[in-house]
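Inspection log for the structure reproduced underneath, given as structure tokens.
Here the structure is a predicted model, which means the values were calculated and not measured. Each ligand, and each atom within it, is numbered from 1 in the order the structure gives.
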Amino acid sequence: MSATKGGSAPLPFVPAPDTAADLSEVGDWIALLKPRVMTLVVFTGAIGLLLAPARLHPVLALTAILCIAVGAGAAGAINMWYDRDIDLVMRRTAGRPIPAGRIAPEAALGFGATLAVASVIVMGLAINWVAGAILALSIGFYVFVYTMWLKRRTPQNIVIGGAAGAFPPVLGWAAATGHVGLEPLVLFAIVFFWTPPHFWSLSLWAHGDYQRAGVPMLPVVAGARETRRQILLYTVLLAPLGLAPWALGFAGPGYAVVAAALGAGFLWHAVAVWRDRQDESGRSLTGDAPAKRAFRFSLIYLAVLFAALAADRLLLG
Ligand code: HEM
Ligand SMILES: CC(C)=CCC/C(C)=C/CC/C(C)=C/COP(=O)(O)OP(=O)(O)O
């Protein structure tokens with residue numbers, strides 16, 4: 001029956017609030033911040049702060065860590081806005097909020113840009129402007145250098161662009177001290193040399209995605225065999241670098257033992273990737289099991305190495 005003239009106007013249909021839908025919408029906005037990657041970013045940033053020779057008031061320390069988290073998340077959201085075309089054709093990323101049509105691209109850009117500016121301003125005003133400037137630099141590096149400039153142009157994209165992800169320990173240190181020193185630069189170098197084996201292990205089995213999307217990742221451009229060689233090369237450089245904090249005197253022998261074991265473990269995985277049963281082109285005949293194990297180990301490597309630095313400092317002072 002339709003609404004009658006002269007009677008009371010029909011009330012518009014107001015659906016009952018759908019809590020599950022609301023929550024999944026919030027989840028989509030959080031997904032734009034790449035929260036799982038952010039956990040390790042925040043962890044390395046927090047440890048940079050902890051290792052610094054100056055102490056921040058706990059509220060300020062938390063503020064600095066929050067700024068690193070929000071800045072990194074904001075850069076991730078802008079990356080998802082820019083990469084929405086390629087994310088749509090890659091199986092791993094097609095379900096993300098923008099390609100799946102759940103968040104409008106302009107809204108994601110506005111969200112990311114607002115958070116990026118806010119994180120830098122809060123870092124600058126509440127902590128110091130050296131940390132604020134480095135946060136702006138790392139966001140800019142991820143967005144402009146990696147995402148917009150290098151990612152679609154060269155297989156060296158993650159070697160150079162990956163520097164963005166190496167800034168958090170420097171940021172933590174700068175937040176506490178107002179400057180940058182040798183120690184945070186060593187931590188920067190560790191994350192920098194860790195990034196290629198971390199990402200290229202994954203790219204060995206995700207290369208189909210990148211090929212479809214036309215992204216020139218190393219296995220697409222130079223083949224799986226060369227990628228395996230490069231993973232081993234960077235891991236050979238990384239393993240001794242992991243000992244640098246001990247060699248330079250800012251971590252003790254307990255840390256050295258952990259770093260040596262982690263380095264040996266990562267090398268073992270890199271050699272397994274290199275020696276994986278392959279066809280002539282280097283494509284795995286084992287379903288890339290060693291590459292998947294190396295990727296998982298890369299995450300353990302960085303998390304445990306930084307935890308060992310923190311434990312060393314907290315236990316030994
Ligand atoms: C250019 C540099 C890097 C590239 C291209 C890269 C790429 C990737 C990709 C494609 C994944 C797959 C999972 C996903 O879809 O989220 C991943 C996972 C991950 N990355 Fe990286 N990564 C880089 C640097 C870093 C850095 C610097 C960190 C932290 C210090 C990091 C931490 C992680 C973590 C924690 C995961 C696991 C996330 C999960 O559980 O799904 N990555 N990375
Ligand atoms: C403070 C600050 C700004 C830190 C930078 C954060 C950070 C971890 C940068 C590393 C870059 C990263 C996760 C790339 C993923 O590649 P991609 O974007 O190509 O991956 P996708 O295919 O999953 O989108």
Side-chain angles (χ1 to χ4, degrees), residues 31-48 64-96 98-99 112 115-116 119-120 123 131-148 150-152 155-172 174-175 187-188 190-207 209-210 213 215-218 234 292 295-303 305-306:
L32 282 181
L33 305 175
K34 301 195 175 182
R36 291 197 306 268
V37 175
M38 198 204 284
T39 50
L40 202 48
V41 168
V42 167
F43 190 60
T44 55
I47 287 168
I65 292 169
L66 191 68
C67 287
I68 298 175
V70 172
I78 302 173
N79 163 277
M80 286 203 209
W81 161 75
Y82 189 82
D83 275 351
R84 60 195 183 281
D85 55 339
I86 54 180
D87 279 356
L88 184 63
V89 280
M90 302 210 300
R91 207 168 18 172
R92 182 174 60 80
T93 53
R96 285 178 171 174
I98 305 175
L115 290 184
S119 65
V120 170
M123 183 74 110
I134 299 173
L135 184 58
L137 178 71
S138 43
I139 295 171
F141 218 90
Y142 185 24
V143 170
F144 298 112
V145 177
Y146 171 70
T147 305
M148 296 185 182
L150 299 172
K151 181 171 174 180
R152 300 176 192 222
Q156 292 304 310
N157 48 14
I158 60 116
V159 178
I160 308 164
F167 278 110
V170 183
L171 269 166
L187 303 183
F188 178 97
I190 290 174
V191 183
F192 183 82
F193 282 94
W194 165 90
T195 299
H198 161 71
F199 175 70
W200 284 334
S201 302
L202 177 139
S203 73
L204 274 175
W205 80 86
H207 62 88
D209 259 356
Y210 289 114
V215 180
M217 291 302 184
L218 196 60
Y234 276 91
K292 289 179 180 164
F295 174 74
R296 277 197 297 275
F297 190 82
S298 76
L299 299 176
I300 294 170
Y301 176 92
L302 205 64
L305 193 85
F306 274 77

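Between F167 and F188, the angle of the ring planes goes over 60°, which puts this pair in the perpendicular group of the 30/60° scheme. Using cut-offs of 30° and 60° on the angle between ring planes, the pair F297 and Y301 is tilted.
Every residue meeting the side-chain contact (heavy atoms from CB on, under 4.5 Å) condition with I47, not counting sequence neighbours, appears here in chain and number order: F43, L51, F306, L309, A310. Considering only residues two or more places apart in sequence or on other chains, D83 meets the salt bridge (charged side-chain N to carboxylate O under 4.0 Å, His left out) condition with K151, R152. Remark: R96 pairs with D87 by the salt bridge (charged side-chain N to carboxylate O under 4.0 Å, His left out) rule, at least two apart or across chains.
Ligand 1 has a nitrogen or oxygen under 3.5 angstrom from a nitrogen or oxygen of R92. On a distance-only criterion, R36 and ligand 1 share at least one N/O pair closer than 3.5 Å. Distances between N or O atoms of D87 and those of ligand 2 include no value under 3.5 Å.
For ligand 2 and Y146, the ligand atoms under 4.0 Å from any heavy atom of the residue are 16 (O), 17 (P), 18 (O), 19 (O). Within the listing of ligand 1, atoms 1 (C), 5 (C) sit less than 4.0 angstrom from a heavy atom of I158.
Neither the backbone nor the side chain of R152 comes within 4.0 Å of ligand 2, counting heavy atoms alone. Only the side chain of R92 comes within contact range of ligand 2, with a heavy atom under 4.0 Å; no backbone atom does. Within the 4.0 Å heavy-atom criterion, the part of L302 lying near ligand 1 is the side chain and not the backbone. Neither the backbone nor the side chain of F167 has a heavy atom within less than 4.0 Å of ligand 2.
Of all protein heavy atoms, the one closest to atom 20 (O) of ligand 2 is K34 NZ, 3.7 Å. The protein heavy-atom contact nearest to atom 1 (C) of ligand 1 is G162 CA, 3.5 Å. Remark: minimum distance from atom 18 (C) of ligand 1 to any protein heavy atom is reached at F295 CZ, 3.5 Å.
When F141, F306, F43, W194 are ranked by how near their heavy atoms come to atom 31 (C) of ligand 1, first place goes to W194. Nearest residue to atom 9 (C) of ligand 2 from A74, A72, G165, A166 is G165 (criterion: closest heavy atom).
Contact analysis puts Y142 in contact with ligand 2, with a non-hydrogen atom separation below 4.0 angstrom.
Around atom 21 (Fe) of ligand 1, the protein atoms of type N, O or S that sit closer than 2.8 Å are H198 NE2.
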ask   = Going through the distances and angles, do Y146 and F141 end up as a ring-ring contact (aromatic ring centres under 6.0 Å, His included)?
value = CA-CA 6 Å; Y146 171 70; F141 218 90; 9.4 Å; no
task = Walk me through it: do H198 and L302 pass the test side-chain contact (heavy atoms from CB on, under 4.5 Å)?
result = CA-CA 10 Å; H198 161 71; L302 205 64; over 6 Å; no
